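Working notes for the structure below.
If you're wondering where the values come from, they're calculated on a predicted model, not measured in any experiment. Chain identifiers are assigned alphabetically (A, B, ...) following the order of the sequence lines, protein sequences preceding nucleic acid strands; residue numbering begins at 1 within each chain.
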Amino acid sequence: MLDRKFILENIELIKKNCENRGVKAEVDRFVAVDEQRKKLQAQVEELNRQANVVSKSIGQAKDPAERDARKEEGRKLREQTQAAQAEVDALGVEAEQLQRRIPNLSHPAAPVGVDDQSNLELFRGKTPPPAFDFQPLDHVELMKKHDMVDFEAGAQVAGHGFYFLKNDAVLLELALQQYAVHALLKEGFTPITTPDLARNDILEGIGFIPRGPETQIYSIENSDLSLVATAEITLGGMLAGQILDAGTLPRKYCGISHCFRTEAGAHGRESRGLYRVHQFTKIEMFAFTLPEDSEAMLDHLRDLECRLFDGLGVPYRVVDTATGDLGGPAYRKFDLEAWMPGRGEFGEVTSTSNCTDYQARRLDIRYRVKGEKGTHFVHTLNGTAIAISRGLIAVVENYQQKDGGIIVPEALRPWMGKEKIAVSV
RNA sequence: GGAGAGGUGGCUGAGUGGUCGAAAGCGUCGGUUUGCUAAACCGAUGACCGGGAAACUGGUCCGCAGGUUCGAAUCCUGUCCUCUCCGCCA
C-alpha cells in the first residue's frame with residue numbers, strides 16, 4: 001500500500017504507473033472519496049468539541065435544572081456526532097479499499113510493458129546449456145524411469161497437481177535444501193522453519209488475496225487461516241506490528257516452508273509434471289532493510305540466486321521483470337529462468353523482489369533510529385533460494401546422460417552420498 | 001478440550017465513571033558538575049489526523065469491535081491474543 005498523502009500529492013504519477021502495470025485502480029475515485037471523508041471528519045470534530053465542552057460543564061453545574069438542561073444538550077450533540085461519524089467511517093473504508101488496490105511504484109529502470117513479453121534479459125549464468133548427442137527426456141519421463149515420482153498416486157490421494165516424490169528424488173530434495181540453507185548461513189541469514197498456515201490479514205498484508213474467484217490461496221474452512229503460497233508470507237508476517245531498532249537492520253532470514261497454490265486458471269503445457277503443482281517445498285530468502293539499503297539488498301539476493309544455480313551447474317538467464325508482470329507489492333523484480341531441456345526453453349525457477357515499504361505499511365513494520373524522533377517503515381525484500389519442484393526439473397533434465405542415468409551435481413554429492421543416479425537393470 | 005489470570009506510552013508498571021493522554025521507575029534527549037568515561041543533580045520526552053507562517057490549537061487513540069452514559073482506560077457484551085495449571089497427543 002502506498003502512503004495516502006503521497007498518492008494525493010502525485011496523482012498523475014500514480015495513474016501513469018497503474019497504466020504501465022496494466023492495473024485498473026480507481027485513483028480519481030480514491031481522491032474524491034478521501035476529500036469527502038476529510039470534509040466530513042472536520043464536521044465530526046467540531047461536534048465532538050462542542051460535546052466535550054458540554055460534558056465538562058456538567059460536572060461544574062450548580063443546580064439540578066441546569067444540569068439536566070446540559071445533559072439534554074450533550075445527548076443531542078452525541079446523536080449528531082454518531083450519525084456523521086458513521087458516514088465518515090463508511091467513506092474511510094471505501095477509501096482504504098481503493099488505496100490498497102493501487103500497486104507499488106515501479107523502479108525507473110524496470111522495462112515498461114504490460115506482460116512478460118516485455119521482460120528484459122540481463123545476462124546468462126556460467127554454465128552453457130548442455131549439448132546432447134541424444135534426444136533428451138523431460139523430467140517426467142526421466143523421473144519415472146528412475147521411480148522418483150508418482151503422479152498417479154498423487155492424483156488418487158489429493159487430485160491433479162499433487163505427487164509423491166520417491167527414492168532419489170527425496171534425497172535430491174533434501175540435498176537441495178541442505179545446499180541452499182548452508183550457502184545462506186554463510187551469508188548471515190537466520191534459518192527459520194515457518195508455519196505452513198497464516199492468518200488472512202497477514203496474507204493480505206503481504207499482498208495476497210485469500211478469498212475470491214481468482215484466488216491462488218487455499219483457505220481453511222471455518223477459520224481465518226489459509227495455507228501459505230510461500231514463506232514470504234510467514235517471514236514478513238513474523239515481524240508484523242513491530243518497531244525495530246535501526247541498528248538491527250538489515251535482517252536476513254532464510255525460511256523453509258511448504259507452498260500451496262490453487263493455480264486457478266493455469267492449464268496447458270506448463271502444467272505437465274512438476275512445473276506447476278499445488279504443493280512444493282521452498283527455501284525462501286527474506287530481508288528487512290533501511291529504505292536506503294533495499295536496492296543494494298535486491299542485487300545481493302539476485303546475486304545469491306545466481307551463485308546457487310551456478311554452483312549447481314544449471315544454465316540460466318536473468319530477466320528484469322516488466323512493469324505489467326510485477327504484481328502489486330513489487331517495486332522491482334528479477335527472475336532467474338533455468339534452461340529446461342525437456343521443454344527446450346527457459347522456465348522460471350526463482351524470483352526476487354524489492355517491495356520497498358509497500359508490505360511494511362500494510363503489516364505495520366517500522367524502525368526507529370536511536371536518538372531520532374518517530375518511526376519509519378522498513379523495506380522488505382524476498383527471493384527464492386530454491387523451489388524444490390522446479391529445481392528438481394532443472395537438475396535432472398540438465399544432468400541426464402545418454403545411458404539414461406543422471407549425474408549428481410558436485411555441490412549436492414555431500415548430501416546425496418552418490419555421484420550418479422544410475423539406471424537399474 | 002477444561003479451569004484460572006492478564007492485555008495500558010520505547011520498556012516495566014499504577015490507575016474502577018468527570019480534575020487521566022494517563023502516576024512512578026527505566027530508557028532516550030538537553031543541561032550542570034567532572035582530566036575522559038561513569039555516577040549524581042536539573043529539565044524535556046507518546047502516536048496519528050486536521051487548522052495555523054509561527055506561537056499555538058481542535059480531534060482521535062489505554063488489544064480489537066460493539067453497548068451503557070451528558071461523560072469510559074475504568075461498567076457491560078462479543079472477539080482476538082498472551083500466560084499459568086489440568087487433560088489429550090506427535
When every nucleotide of nucleotides 52-67 of chain B is labelled 5' to 3' by its protein contacts under 4.0 Å (heavy atoms), B for base, S for sugar-phosphate only, - for none, what sequence of letters results?
------BSS-------
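Ion pair A/Asp68/A/Arg70 not flagged as a salt bridge, since none of the NZ, NE, NH1 or NH2 atoms sits closer than 4.0 Å to an Asp/Glu carboxylate oxygen. Electrostatic pairing of A/Glu96 and A/Arg100 counts as a salt bridge here, judged by a charged N lying under 4.0 Å from a carboxylate O. For the pair A/Lys76 and A/Glu79, the salt-bridge criterion is not met [side-chain N within less than 4.0 Å of a carboxylate O]. A salt bridge links A/Asp168 with A/Lys418: the closest approach of a Lys/Arg side-chain nitrogen to an acidic carboxylate oxygen falls below 4.0 angstrom. For A/Glu305 and A/Arg302, the salt-bridge test fails: no basic side-chain N is under 4.0 Å from an acidic carboxylate O. Between A/Asp245 and A/Arg368 no salt bridge is recorded (no basic side-chain N to carboxylate O distance below 4.0 Å).
Rounded to whole Å, the separation between the C1' atoms of B/A38 and B/C80 comes to 46 Å. Comparing B/U68 with B/G17, their C1' atoms sit 12 Å apart, to the nearest whole Å. B/G66 and B/U60 are spaced 15 Å apart, taking the P atom of each and rounding to whole Å. A gap of 16 Å separates the C1' atoms of B/A73 and B/G46, to the nearest Å. Look at the C1' atom in both B/C20 and B/A14: the space between them is 12 Å, to the nearest Å. Annotation: B/C26 and B/G67 have their P atoms spaced 42 Å apart (nearest Å). A distance of about 45 Å separates the P atoms of B/A53 and B/G13, rounded to the whole Å. The C1' atoms of B/A72 and B/U77 are separated by 15 Å, rounded to the nearest whole Å.
Across all strands, A/Lys39 comes closer than 4.0 Å to no nucleic acid atom at all (heavy-atom distances). Residue contacts for A/Arg4: at a heavy-atom cut-off of 4.0 Å it reaches the sugar-phosphate backbone alone, with no base atom in range.
Nearer the 5' end of RNA chain B, as judged by each residue's closest nucleotide, is the contact made by A/Arg368, out of A/Arg368 and A/Glu72.
Atom CD in A/Gln242 sits about 20 Å away from atom P in B/A47, given to the nearest Å. Computed from coordinates, the A/Asp364 CG to B/A47 P distance equals 15 Å when rounded to whole Å. Taking atom CG on A/Leu40 and atom C1' on B/G50, their separation rounds to 14 Å, with Å as the unit. Between the P atom of B/G71 and the NZ atom of A/Lys76 lies a distance of 14 Å, rounded to the nearest Å. The CG-C1' distance, from A/Asp68 to B/U69, rounds to 14 Å in whole Å. Put simply, CZ on A/Arg361 is 13 Å from P on B/C48, counting in whole angstrom units. Whole-Å rounding puts the A/Arg366 CZ to B/G46 P distance at 16 Å. Rounded to whole angstrom, the span from the CD1 atom of A/Ile58 across to the P atom of B/G17 amounts to 18 Å.
Picking from B/C70, B/G10, B/C81 the nucleotide with the shortest atom distance to the side chain of A/Arg75 gives B/C70. Nearest to the side chain of A/Lys38, among B/C80, B/C70, B/G50, sits B/G50.
In this structure, A/Arg390 fails the cation-pi test against A/Phe280, since its NZ or CZ atom is not both closer than 6.0 Å to the six-membered ring centre and inside 45 degrees of the ring normal.
Annotation: salt bridge (charged side-chain N to carboxylate O under 4.0 Å, His left out) contacts of A/Asp196 (sequence neighbours excluded): none.
The two residues A/Ser226 and A/Ile217 have their closest heavy-atom pair at CB-CG2, 3.4 Å.
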Canonical and wobble pairing (Watson-Crick, G-U, under 3.5 Å) of RNA chain B, dot-bracket with |
((((((((.[[[..)..(.....]]]((((((.......))))))((((((....)))))).[[[[[..)....]]]]])))))))....
Apply salt bridge (Lys or Arg N to Asp or Glu O under 4.0 Å) to the pair A/Lys15 and A/Asp28, showing each step before the final yes or no.
CA-CA 9 Å; A/Lys15 281 186 183 170; A/Asp28 285 329; 2.9 Å; yes
Would A/Glu295 and A/His107 count as a side-chain hydrogen bond (donor to acceptor under 3.5 Å, both in side chains) if you check the C-alpha gap in whole Å, the side-chain angles of each, and the deciding distance to 0.1 Å?
CA-CA 10 Å; A/Glu295 293 217 30; A/His107 191 285; 3.0 Å; yes
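At B/G18, none of the side-chain N or O atoms of A/Lys71 fall inside 4.0 Å of OP1 or OP2 (strictly under the cut-off).
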